[in-house]
Amino acid sequence: MERMRQLERTGLFDAMVPRYTSYPTAPHFRDDDGLGSLGTWAGELDADADISLYLHIPFCERLCWFCACRTQGVRSPEPVARYLDVLKQEAASVAAALPQGPKVRRIHWGGGTPTILTPEQITDLAGTLRDAFPIADSFEFSVEIDPTLVNRQKIEALAAAGMRRASIGIQDFDPGIQKAIGRQQSYEQTREVVDMLRDAGITSLNTDIVYGLPHQTLEGIRRSTEQVLTLAPDRVALFGYAHVPWMAKRQRMIDSDALPDTRARLDLLEQTEAQFADAGFVALGIDHFALPGDSLATAAAQGRMRRNFQGYTDDSCAALIGLGASSISRFPGGYLQNAPGTAAYAGRILGGGFATSRGYRFTLEDRVRADLIERFLCDLSFDYSALEASYGTFAEIVRPDIDRALNRFPGWLNWINGSLCLAEGGKPLARLVAAEFDSFLKQGGARHSRAI
Ligand SMILES: C[S@@+](CC[C@H](N)C(=O)[O-])C[C@H]1O[C@@H](n2cnc3c(N)ncnc32)[C@H](O)[C@@H]1O
Ligand code: SF4
């Protein structure tokens, strides 16, 4: 009770803050003439730079009401086929802009639903990428899989293209909750897909689950988490349900009176965290868990875990290049985002250019803040001397923010041997602390999801 009161005093239960999968966050990207083209940014990569490719497939056969991902429903195969043609053209243009030397080390297909593609489309798209880009022999290929829209042929096509990591969406197995969020998916069907993935040689399986869903109770989420554990995932992402109906209009189908309040959300989160700890998982960052031998757990233990648009990763590539509508690329100098709508995206690519619609060029101050926020959300602490090592005395720009954060979160945030550290039990505050270092928040202009 005392802990709840102390957390309440920090403003946690009312706060709405970004998830910081980038800094600056996407609402602060600009449509700016000074940005330069993706071709220029790609052309400036060092010869020894590693590249990570992200491909966005913005289509789903079903549109789950809870989902805030950028995607659209399709009932016929034509829009997907047309989109793939454009995507292949974009891949060829981007690959042609790269200098000699950089190699692709990671490929991730996300969505939406990449498994909406037929086995033939999967093989064709993977082949196009292989032909267009210089791909390292030991590249890693991961895919987001909707267990209700995949079959053995699709999985085998993905595995033949090199997929060794997969992520499946679960959210919650309770049929009542599934009804309330407009997403039906039985345990049996999910189990069958997990078995197929393992048969196909998937060595790292992630499952997405969500707390804070309508009608979710402590007993219900405990049972659903037990079912998730029987699937033997290597990693789990436990997201807080982001209710953002002003952005994701389909969420208006969700009865907001049935949503747990912020205190109940904290209980759901912490009970589930304890369940994963009891099952031998290591907690990573603010919302991930992994088995101790998993490469993400190893990266976290060695201070190498990173945070990007897909969440947490052990990807250390110098550049992330996003292909497809709404995809975001991160280059050493900043971010570029493709036009979000599929029609505008296709128009730009078919017009012979790149699909960039906005972006952001880092200032030195942004880099300091971005590094600090990323390290803090990965490690729940950050070492000021690492900032000094990178930025010298310029790192002092965040000193006033450190003092303000220490004052705002007394007892929760401590200054220990030159590091800003979250105290035991302070994890729910992590995004709120990160927000203290965000100089764009004061400008407003964007609405966010709950801090917890
Ligand atoms: C692209 S989707 C999943 C892939 C696939 N289409 C599926 O449904 O299985 C990525 C994940 O984002 C998470 N997500 C989507 N909307 C969310 C929301 N409003 N709040 C929290 N997490 C959300 C879900 O856990 C979801 O599995
Ligand atoms: S959860 Fe997956 S299947 Fe459902 S709408 Fe979102 S992206 Fe599509």
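In listed order, ligands and their atoms are each counted from 1. Not measured: the values here are computed from a predicted model.
His108 and Ser142 are linked by a side-chain donor-acceptor pair at a separation below 3.5 angstrom, with hydrogens and angles left out of the test. A donor and an acceptor atom, one from each side chain of Gln185 and Thr190, are located under 3.5 Å apart. Judged by distance alone, the side chains of Ser76 and Glu78 do bring a donor and an acceptor atom under 3.5 Å apart. Judged purely by distance below 3.5 Å, without hydrogens or angles, the side chains of Glu374 and Tyr20 never pair a donor atom with an acceptor atom. No donor-acceptor contact under 3.5 angstrom links the side chains of Thr356 and Gln337, judged on distance only. For Ser381 and Asp379, the side-chain atoms include no donor-acceptor pair closer than 3.5 Å. A side-chain N or O of Ser295 and one of Asp314 form a donor-acceptor pair less than 3.5 Å apart.
Each of the following atoms of ligand 2 lies closer than 4.0 Å to a heavy atom of Gly112: 7 (S). Shown in contact with Thr113 at under 4.0 Å from a heavy atom are these atoms of ligand 2, numbered in order with element: 3 (S), 8 (Fe). Interface of Ile145 with ligand 1, defined as ligand atoms under 4.0 Å from a residue heavy atom, comprises 9 (O). Listed by number with element, the atoms of ligand 1 under 4.0 Å from a non-hydrogen atom of Gly240 are 20 (N), 21 (C). Every atom of ligand 1 is numbered from 1 in the order shown, and the set under 4.0 Å from a heavy atom of Gln251 is 19 (N). When each atom of ligand 2 is checked for a heavy atom of Cys67 under 4.0 Å away, the hits are 1 (S), 5 (S), 6 (Fe), 7 (S). The distance from ligand 1 to the heavy atoms of Thr113 drops below 4.0 Å at these ligand atoms: 6 (N). The atoms of ligand 2 that sit less than 4.0 Å from any heavy atom of Asp146 are 3 (S). Within ligand 2, the atoms closer than 4.0 Å to a non-hydrogen atom of Phe66 are 1 (S), numbered from 1 in the order shown. The atoms of ligand 1 that sit less than 4.0 Å from any heavy atom of Asp208 are 10 (C), 11 (C), 25 (O), 26 (C), 27 (O).
Selection from Pro245, Ala242, Gly112 by nearest heavy atom to atom 20 (N) of ligand 1 gives Ala242. Scanning Arg19, Arg183, Glu144 for the heavy atom closest to atom 9 (O) of ligand 1 points to Arg183.
If you look at Tyr54 and Phe309, their ring centroids are not closer than 6.0 Å. Taking the six-membered ring for Trp and the full ring otherwise, Phe141 and Trp109 have centroids separated by under 6.0 Å. Between Tyr23 and Phe437, a ring centre-to-centre spacing not shorter than 6.0 Å is recorded. When ring centroids are compared, Phe362 and Tyr335 come within the 6.0 Å threshold. With ring centers used as reference points, Phe281 lies under 6.0 Å from Phe276.
Of the charged side-chain nitrogens involved, at least one lies within less than 4.0 Å of a carboxylate oxygen, so that Asp234 and Arg198 count as a salt-bridged pair.
Counting heavy atoms closer than 4.0 Å to ligand 1, residue Phe239 contributes side-chain atoms (C-beta onward) but none from N, CA, C or O. Of the heavy atoms in His243, none comes closer than 4.0 Å to ligand 1. At a 4.0 Å heavy-atom cut-off, ligand 1 touches Val210 through the side chain alone.
If you check which protein heavy atom lies closest to atom 1 (S) of ligand 2, you get Arg183 NH1, 3.2 Å. Ranking the protein heavy atoms by distance from atom 16 (N) of ligand 1 puts Ala68 N, 3.0 Å first. The shortest contact between atom 8 (Fe) of ligand 2 and any protein heavy atom is with Cys60 SG, 2.3 Å.
Put simply, Cys64 stays out of reach of atom 6 (Fe) of ligand 2, with no N, O or S atom under 2.8 Å from it.
Residue Gly169 places no heavy atom under 4.0 Å from ligand 2. Cys60 does not count as a contact of ligand 1, since none of its heavy atoms falls under 4.0 Å from the ligand. At least one heavy atom of Gly111 sits closer than 4.0 Å to an atom of ligand 1. Distances shorter than 4.0 angstrom do not occur between any heavy atom of Ile170 and any atom of ligand 1.
The shortest N/O to N/O separation between Tyr241 and ligand 1 does not fall below 3.5 Å. By the 3.5 Å distance cut-off applied to N or O atoms, Cys69 is not counted among the residues near ligand 1.
Evaluated for a side chain to side chain contact (heavy atoms under 4.5 Å, CB included) with Asn206, the options Arg165, Arg235, Glu144 yield exactly one hit, Arg235.
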